[in-house]
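Below is one structure, written out as C-alpha cells; the observations come after it.
Nothing fancy with the numbering, it's 1 onward along the sequence.
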Amino acid sequence: MAAIFEKRRYRDFDWLLAILATGIVLFGTWQIYNAQPTANYWQKQLIGLAIALVTMLVVALTDYRKVVQYAPAFYIFGLLLLVIVLIPGIGLKINGQRCWIGVPGVGQFQPSEFVKIPTILMLARQFGKPRQGPLSWKEIAIGIAILALPVGLILLEPDAGSALTYFPLLAVVLFLSAIRLWIVIAALVLGLASVPTAYTIGVKTGFIKSYQQERIKVILDPENADRRGYGYHTWQSILTVGRGRVFGTWGETEYSQSRLKFLPEPHTDFIFAVTAETTGFVGSISLLIAYVLLLSRLFSNARRAPDRTGMLVIMGLIGGLAFQIFINIGMVLGLLPVIGVPLPLMSAGVSSVLATFIGIGFAISVRMRRFVN
C-alpha cells in the first residue's frame, strides 16, 4: 500500500505547473541580465530559484490540511516580522521605505511578500468549512480583520503598492464563500463613488504624497505631464516598450534603454518593458501566454481540490498573482500609475520568487491529495 501511495504521490505531482513557473523565472533571469548585465541581480535570481524549488518540493510533499491547522501561528509570526521591519536599525530603509530586513551573509528579504501566504491560509481556514447559507456580517468582519492587520502594518512602512496586492486575496475568498450579491454590487458602487473623496482627503492629510499625485496626473493627462519629472518613469517605459516593435532588438542590447540608464528600475518594476524591448511583441505575447497557462493550471487544480479549504488556498493565490500581473503590465504600458508592484516570477527579488513558489507548492500539495479523504 505504501508503495502504491508513493507512486501515486509522484504521479499526481503537477510537473507542468512546476515547469511553467520555473520557465518563467529563467526567462525573467535572462531579461534581468539584459537589463543589468554588470550587476549580480541575475545570479541572485538563479540562487533564489534553486532555494525556491527545494522549498516548493518540501511544501508540496506536506499535507496542506495540517499546515492550515497551524495557520494562526504562521499568521502571528508574519505580523511579528512586519512589526520588526519597522524598527530602525533592523528594518532597512531604501528609497524612503522601510520594507526589508537584512540577513548577514544572505542579503535582505521583504516580509510583506511572505506574509501573503499565511494570510491566504488564515482566510482559507476561516472560510473553508462547508457552508449552507450566505456569509453573515460577523464572518465578513472577521475576514476584513484578518486582512487589515498586515495591510495596516505594510502601510506604515510605507508601501502602498504591496498593501494593494493583499486586497484581491480577501475579495476572491469572500466571492467564493457565498457572499450576498447585493453586498458585492454595493461595495463596487461605494468604492467607485468614494474614489474622488478619498483622493481629496488623502491629498489634504498628506497621506497621498506629492510624487504619488503627480504619477496619477501622468495617467489622467499624459500629454501635459512633465516627462523629465514625475512622468519620467512612465514615458521611458512606454518608449522602451515601443522600441521592441515586433521581434525585439536582438543584437542591439548595448544600446537598450536600460543599459543606457534611461529606464529606472529595469530589473524589478519595469522588467516587462525590458522584455518588450529585447524580444518585441512576439516575446511579450509569449510571456502572457505562459502566465495564462500557469493560472489555468492553478485553476484546474482548484477545481479538483478535495475540500473547500484547498480550493480557497489555490484561488487566493490565483487572485493575488493575476492582480499583480495586471497592475504591473498596466503600469509599464502607462495605463496605471507607477506604484512599485513587481511582476511575479519575472522581477528580480528572491523574496517574491520564494513566496510565489511556496504558494505553488501548496497548490501542488492540494492536487496530490485530491483522492485522499
Side-chain angles (χ1 to χ4, degrees), residues 16-56 107-110 113-114 116 161-162 165 237 240-241 243-244 247-250 253 256-259 263-298 317-318 320-333 338 340-361:
L16 178 58
L17 179 59
I19 291 172
L20 281 169
T22 303
I24 294 174
V25 175
L26 292 175
F27 182 70
T29 303
W30 175 38
Q31 300 309 318
I32 293 169
Y33 174 79
N34 288 332
Q36 301 277 18
T38 58
N40 62 350
Y41 295 118
W42 65 274
Q43 296 171 327
K44 290 183 177 179
Q45 196 77 347
L46 289 177
I47 295 174
L49 174 60
I51 297 173
L53 285 172
V54 174
T55 306
M56 178 195 69
Q108 59 196 39
F109 76 97
Q110 189 173 1
E113 290 290 341
F114 290 100
K116 291 178 185 177
S162 293
T165 61
S237 177
T240 303
V241 171
R243 190 171 181 271
F247 297 105
T249 57
W250 295 91
T253 53
S256 68
Q257 292 285 103
S258 57
R259 292 197 182 187
L263 181 66
E265 306 296 337
H267 60 297
T268 54
D269 296 347
F270 293 96
I271 192 66
F272 186 76
V274 176
T275 301
E277 182 185 33
T278 56
T279 64
F281 178 79
V282 173
S284 301
I285 292 297
S286 299
L287 175 61
L288 294 180
I289 292 174
Y291 275 130
V292 170
L293 292 175
L294 179 76
L295 295 175
S296 299
R297 191 67 180 178
L298 286 170
L317 175 65
I318 293 174
L321 289 177
F323 184 77
Q324 279 193 243
I325 294 169
F326 172 77
I327 292 294
N328 181 273
I329 295 179
M331 180 180 72
V332 167
L333 298 179
V338 177
V341 174
L343 186 59
L345 301 175
M346 284 287 293
S347 295
V350 175
S351 299
S352 178
V353 171
L354 182 55
T356 303
F357 269 80
I358 290 174
I360 292 174

**Gap between atom CG of Leu343 and atom CG of Leu287 - 0.5 Å precision** = 6.5 Å
**Message:** To the nearest 0.5 Å, what is the distance between OH on Tyr33 and OG1 on Thr38?
**Reply:** 9.5 Å
**Prompt:** Do Trp42 and Asn34 come close enough that some side-chain heavy atom pair is under 4.5 Å?
**Reply:** no
**Request:** To the nearest 0.5 Å, tell me how far Gln45 CD sits from Leu345 CG.
**Result:** 9.0 Å
**Message:** Are Trp30 and Phe27 an aromatic pair, judged by ring center distance below 6.0 Å?
**Reply:** yes
**Request:** To the nearest 0.5 angstrom, please state how far the CD1 atom of Ile329 sits from the CG atom of Leu288.
**Result:** 4.5 Å
**Asked** Is there a donor-acceptor pair under 3.5 Å between the side chain of Tyr291 and the backbone N or O of Pro344?
**Response** yes
**Request:** Supply the atom-to-atom distance Thr29 OG1 to Ile24 CD1, rounded to the nearest 0.5 angstrom.
**Result:** 11.5 Å
**Request:** Please examine the side chains of Ile19 and Thr22, heavy atoms only from C-beta on, and report whether any two atoms are closer than 4.5 Å.
**Result:** no
**Fill in**
Heavy-atom closest pair (Pro266 atom, Val274 atom, distance to 0.1 Å) is O-CG2, 3.5 Å
**Prompt:** Do you know the tightest heavy-atom contact between Leu333 and Val241?
**Reply:** CD2-CG1, 4.1 Å
**Request:** Could you tell me whether the side chain of Glu277 and the main chain of Thr249 form a donor-acceptor pair under 3.5 Å?
**Result:** no
**Item:** Leu53 side chain reached by Phe357 side chain, heavy atoms, under 4.5 Å
**Value:** yes
**Request:** Considering non-hydrogen atoms only, spot the tightest contact between Ser351 and Glu113 and give its length.
**Result:** O-CB, 4.1 Å
**Message:** Can you classify the ring geometry of Tyr41 versus His267 as parallel (below 30°), tilted (30 to 60°) or perpendicular (above 60°)?
**Reply:** parallel
**Prompt:** Passes side chain to side chain contact (heavy atoms under 4.5 Å, CB included), Leu26 versus Leu46? Steps please.
**Reply:** CA-CA 8 Å; Leu26 292 175; Leu46 289 177; 3.9 Å; yes
**Request:** Check whether any side-chain heavy atom of Leu298 sits under 4.5 Å from a side-chain heavy atom of Leu321, and report yes or no.
**Result:** yes
**Message:** Testing the basics here: between Ile32 and Ser347, what is the closest heavy-atom pair and its distance to 0.1 Å?
**Reply:** CD1-C, 4.2 Å
**Complete:** What one should report as the nearest heavy-atom pair of Leu354 and Thr55 is CD1-OG1, 3.6 Å
**Request:** Report the C-alpha separation of Asp269 and Val341 in whole Å, then their side-chain angles, then the decisive distance to 0.1 Å, and conclude whether the side chain to side chain contact (heavy atoms under 4.5 Å, CB included) test is met.
**Result:** CA-CA 6 Å; Asp269 296 347; Val341 174; over 6 Å; no
**Fill in**
Checking Val332, Thr275, Asn328, Thr240 against Phe270 for side chain to side chain contact (heavy atoms under 4.5 Å, CB included), the one that qualifies is Val332
**Asked** What's the spacing between Leu294 CG and Ile289 CD1 if we round to 0.5 Å?
**Response** 13.5 Å
**Request:** State, with a plain yes or no, whether a side-chain heavy atom of Gln110 is found less than 4.5 Å away from one of Ser352.
**Result:** no
**Prompt:** What is the minimum heavy-atom distance between Met331 and Gly340, and which atoms define it?
**Reply:** SD-N, 3.8 Å
